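Down below is the structure, laid out as structure tokens.
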Amino acid sequence: MNIIIEIYLIVCVLLLLFDITFLFLKNHRNREFYPKNRDLEEELRKEIRLRRQAGAFSQEFEADLGAKLGKIRNLITLMDVLDKDRGAAGWFRPAVFAQIAEYQKKNDYEQAYYAYVVSGFDYESEPVPPEFAAKFLEFLDSKSLYTFANAMDALYQFGSTNLLLTALDKVDERQGFYHQKLLVDGLLSSRASVQELSPALVKAFDQYTPFLQGCLLDYFRMTGYDASALCLRLIQGGDSTDLEIRYGAMRYFAKYPSAQSQALFLDVLRREEGPWMDQMLAIQALENSEDPAVKDEVMKKVTSSNWYVRTKAVACLHRWGLSKSQIFDILYLRDKYADNALLYQYRNEKELSHYIIDTIQLLQRQDESADAEPLPV
């Protein structure tokens with residue numbers, strides 16, 4: 001055993017050394033291929049000071065700026081300067097935008113960096129020009145995930161609903177190419193109007209694949225947009241609705257319950273047989289209900305054969321509050337899994353936890369006594 005541990009530690013050390021060496025060589029290579037232009041750096045700082053004093057760049061600098069920024073080395077140098085002086089970024093935006101055709105010809109690394117630079121400008125005070133946005137959408141056709149992701153970050157900042165809808169069509173075509181969390185987080189951070197974007201997404205919902213539909217349901221749930229009509233339709237769609245999408249719609253009602261959803265989920269619990277996920281999500285969606293009928297149905301699920309269903313049921317009952325009599329009714333069922341779930345929920349409530357332990361032991365003694373001395377027939 002000690003030999004195995006020693007070998008494992010040696011392998012871990014070697015992997016760590018490999019990672020350090022790889023990062024060192026990568027950074028060295030980047031510095032070698034894309035070293036900062038020190039002369040340009042000084043010139044940029046000088047011109048920024050001049051513009052603050054005189055209100056404009058020098059004519060010679062402005063005439064040459066576009067050609068200079070067509071080289072990735074110079075663009076990196078510019079961003080290093082602007083990182084320490086964000087107030088000057090807007091002055092260079094037109095020159096950066098003017099180089100889009102040049103960067104569309106470059107390799108994936110340079111395209112990704114260009115998209116990253118574009119994503120960093122302010123679009124609240126000055127919207128993106130439509131003609132530039134139309135060309136910029138072409139970066140979403142890149143085979144590079146970095147270019148794609150950086151271009152999406154920029155499109156979120158543009159704040160245009162129409163551009164985002166076009167971008168989502170491209171996301172949907174590639175599906176798993178773009179991570180679901182990145183998409184949802186991006187939509188949440190988007191500058192597009194929620195009042196404009198959300199209805200447009202609901203309207204287009206059916207044309208998307210389950211991948212994108214699942215992302216949009218998460219987005220509706222996190223923004224609080226009223227997508228209840230859509231979610232009810234998806235739940236009631238039966239086999240015509242993708243299973244994961246139906247579950248996503250059920251999760252929406254767990255956060256935003258309604259009278260219609262309560263009736264639907266109560267019906268799910270009343271079915272003798274059904275998918276365990278349906279039952280668990282139904283209990284979760286009903287946990288804020290005060291209807292006695294809901295509590296009665298949830299009580300029946302404490303002995304479910306599925307661990308997730310019974311633990312969710314016991315958790316909800318605990319949240320609602322159980323009397324000793326009701327706890328005894330569950331313990332009297334003599335289901336050890338339900339007993340354990342009760343003990344877990346009441347672990348921090350000294351009186352009731354002792355009551356549960358004592359009752360379980362009492363019932364066990366009664367059962368053992370009955371086994372030892374069976375009643376006469």
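As the structure is a computational prediction, the values presented were derived from the model and not from experiment. All residue numbers refer to positions in the sequence shown, counting from 1.
- Under 3.5 Å, the side chains of Thr209 and Asp172 contain a donor-acceptor pair of N or O atoms.
- Put simply, the side chain of Asn306 never gets that close to the backbone of Trp276: no donor and acceptor are under 3.5 Å apart.
- Open room surrounds CD on Glu60; 12 or fewer heavy atoms of other groups in view lie less than 6.0 Å from it.
- Here Cys231 contributes atom SG and Phe220 contributes atom CZ; the two are 8.0 Å apart, rounded to the nearest 0.5 Å.
- In summary, Asp39 and Lys68 do not engage in a salt bridge, as defined by a charged side-chain N under 4.0 Å from a carboxylate O.
- Stacking of Arg251 on the aromatic ring of Tyr247 is not recorded, the 6.0 Å distance cut-off and the 45° axial limit not both being met.
- Considering only heavy atoms from C-beta on, Val302 comes within 4.5 Å of Leu333 through its side chain.
- Rounded to the nearest 0.5 angstrom, Leu40 CG and Lys71 NZ are separated by 10.5 Å.
- With hydrogens and angles ignored, the 3.5 Å screen pairs a side-chain donor or acceptor of Gln111 with a backbone N or O of Lys106.
- Atom CG of residue Leu342 and atom CD1 of residue Ile360 lie 7.5 Å apart, to the nearest 0.5 angstrom.
- Applying the side-chain contact (heavy atoms from CB on, under 4.5 Å) criterion to Ser261, with sequence neighbours excluded, gives Phe253, Pro257, Ser258, Phe265.
- Of the possible donor and acceptor atoms, none in the side chain of Ser190 sits under 3.5 Å from a partner among the backbone N and O of Leu187.
- Side-chain contact, Asp122 with Ser125: a donor N or O sits under 3.5 Å from an acceptor N or O.
- With hydrogens and angles ignored, the 3.5 Å screen pairs no side-chain donor or acceptor of Lys170 with any backbone N or O of Asp141.
- Within the 3.5 Å criterion, the main-chain N or O of Tyr208 finds a donor-acceptor partner in the side chain of Gln213.
- Here the rule is salt bridge (charged side-chain N to carboxylate O under 4.0 Å, His left out) with Asp85, and of Arg51, Arg45, Arg52 only Arg52 fits it.
- For the pair Arg271 and Asp267, the salt-bridge criterion is met [side-chain N within less than 4.0 Å of a carboxylate O].
- Under the 4.0 Å criterion applied to side-chain N and carboxylate O atoms, Lys143 and Asp108 are not assigned as salt-bridge partners.
- Counting heavy atoms from C-beta on, the side chains of Phe97 and Phe121 come closer than 4.5 Å.
- A donor-acceptor pair under 3.5 Å is formed between the side chain of Asn340 and the backbone N or O of Lys336.
- Although no hydrogens or angles enter the test, the distance criterion places a donor-acceptor pair under 3.5 Å between the side chain of Tyr114 and the main chain of Val96.
- Here CG of Asn150 is found 10.0 Å from OH of Tyr146. Values are rounded to the nearest 0.5 Å.
- The existence of a salt bridge linking Lys300 and Glu297 is confirmed by a sub-4.0 Å separation between a basic side-chain nitrogen and an acidic carboxylate oxygen.
- Under the 3.5 Å distance criterion, the side-chain polar atoms of Arg347 are matched with a main-chain donor or acceptor of Tyr344.
- The distance between the ring centers of Tyr109 and Tyr113 does not fall below 6.0 angstrom.
- Taking each heavy atom of Ser189 and Gln157 in turn, the nearest pair found is O-NE2, 4.0 Å.
- With sequence neighbours excluded, the residues forming a side-chain contact (heavy atoms from CB on, under 4.5 Å) with Pro210 are Asp242, Ile245, listed by chain and number.
- The neighbour count for Lys203 NZ, taken as heavy atoms of other residues, nucleotides or ligands under 6.0 Å away, does not exceed 12.
- For the pair Ile76/Met79, no side-chain contact is recorded, criterion being any heavy-atom separation below 4.5 Å from C-beta on.
- Within 6.0 Å of atom OH in Tyr337, 12 or fewer heavy atoms from other residues, nucleotides or ligands are found, so the atom counts as exposed in its surroundings.
- Remark: Asp206 engages Arg233 in a salt bridge, criterion side-chain N to carboxylate O under 4.0 Å.
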Using distance only, find each side-chain donor-acceptor pair of residues 308-318 under 3.5 Å and give its atom names and separation, not counting sequence neighbours.
| residue | atom | partner | partner atom | Å |
| --- | --- | --- | --- | --- |
| Arg310 | NH1 | Ser304 | O | 3.0 |
| Arg310 | NH1 | Ser305 | O | 3.4 |
| Thr311 | OG1 | Trp307 | O | 2.8 |
| Thr311 | OG1 | Tyr308 | O | 3.2 |
| His318 | NE2 | Gln345 | O | 3.3 |
| His318 | NE2 | Glu349 | OE2 | 2.7 |

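- With hydrogens and angles disregarded, a donor-acceptor distance shorter than 3.5 Å links the side chain of Tyr252 to the backbone of Ala227.
- From Leu343, atom CG reaches atom OG of Ser353 across 7.5 Å, with rounding to the nearest 0.5 Å.
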After noting the C-alpha distance and the side-chain angles of Gln180 and Asp218, does the key distance pass the side chain to side chain donor-acceptor pair (under 3.5 Å) rule? CA-CA 10 Å; Gln180 184 174 0; Asp218 288 342; 3.3 Å; yes
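- Note that CH2 of Trp320 and CE of Met299 are 9.5 Å apart. Values are rounded to the nearest 0.5 Å.
- Contacts of Ser289 classified as side-chain contact (heavy atoms from CB on, under 4.5 Å), with partners at least two apart in sequence or in another chain: Gln262, Asp291, Val294.
- For Gln236, there are no side chain to side chain donor-acceptor pair (under 3.5 Å) partners two or more places apart in sequence or in a different chain.
- Here the closest non-hydrogen pair linking Gly248 and Leu217 is C-CD1, 3.9 Å.
- Residues Ser323 and Gln326 have side chains in contact (heavy-atom distance under 4.5 Å, counting atoms from C-beta outward).
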Which pairs would a plain distance check flag for residues 126-140, meaning a side-chain donor or acceptor within less than 3.5 Å of a matching protein atom at least two apart in sequence or in another chain?
| residue | atom | partner | partner atom | Å |
| --- | --- | --- | --- | --- |
| Glu126 | OE2 | Arg93 | NH2 | 3.4 |
| Glu138 | OE1 | Gln104 | NE2 | 3.4 |

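- The shortest distance between side-chain heavy atoms of Val202 and Leu216 does not fall below 4.5 Å.
- For Phe92 and Phe57, the ring centers sit closer than 6.0 Å to each other.
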Assess the residue pair Glu110 and Asn107 against the criterion (side chain to side chain donor-acceptor pair (under 3.5 Å)); give the C-alpha distance rounded to whole Å, side-chain angles, the decisive distance to 0.1 Å, and a yes or no. CA-CA 6 Å; Glu110 294 173 302; Asn107 61 42; 3.2 Å; yes
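- Side-chain N/O atoms of Thr161 and Glu196 include a donor and acceptor closer than 3.5 Å.
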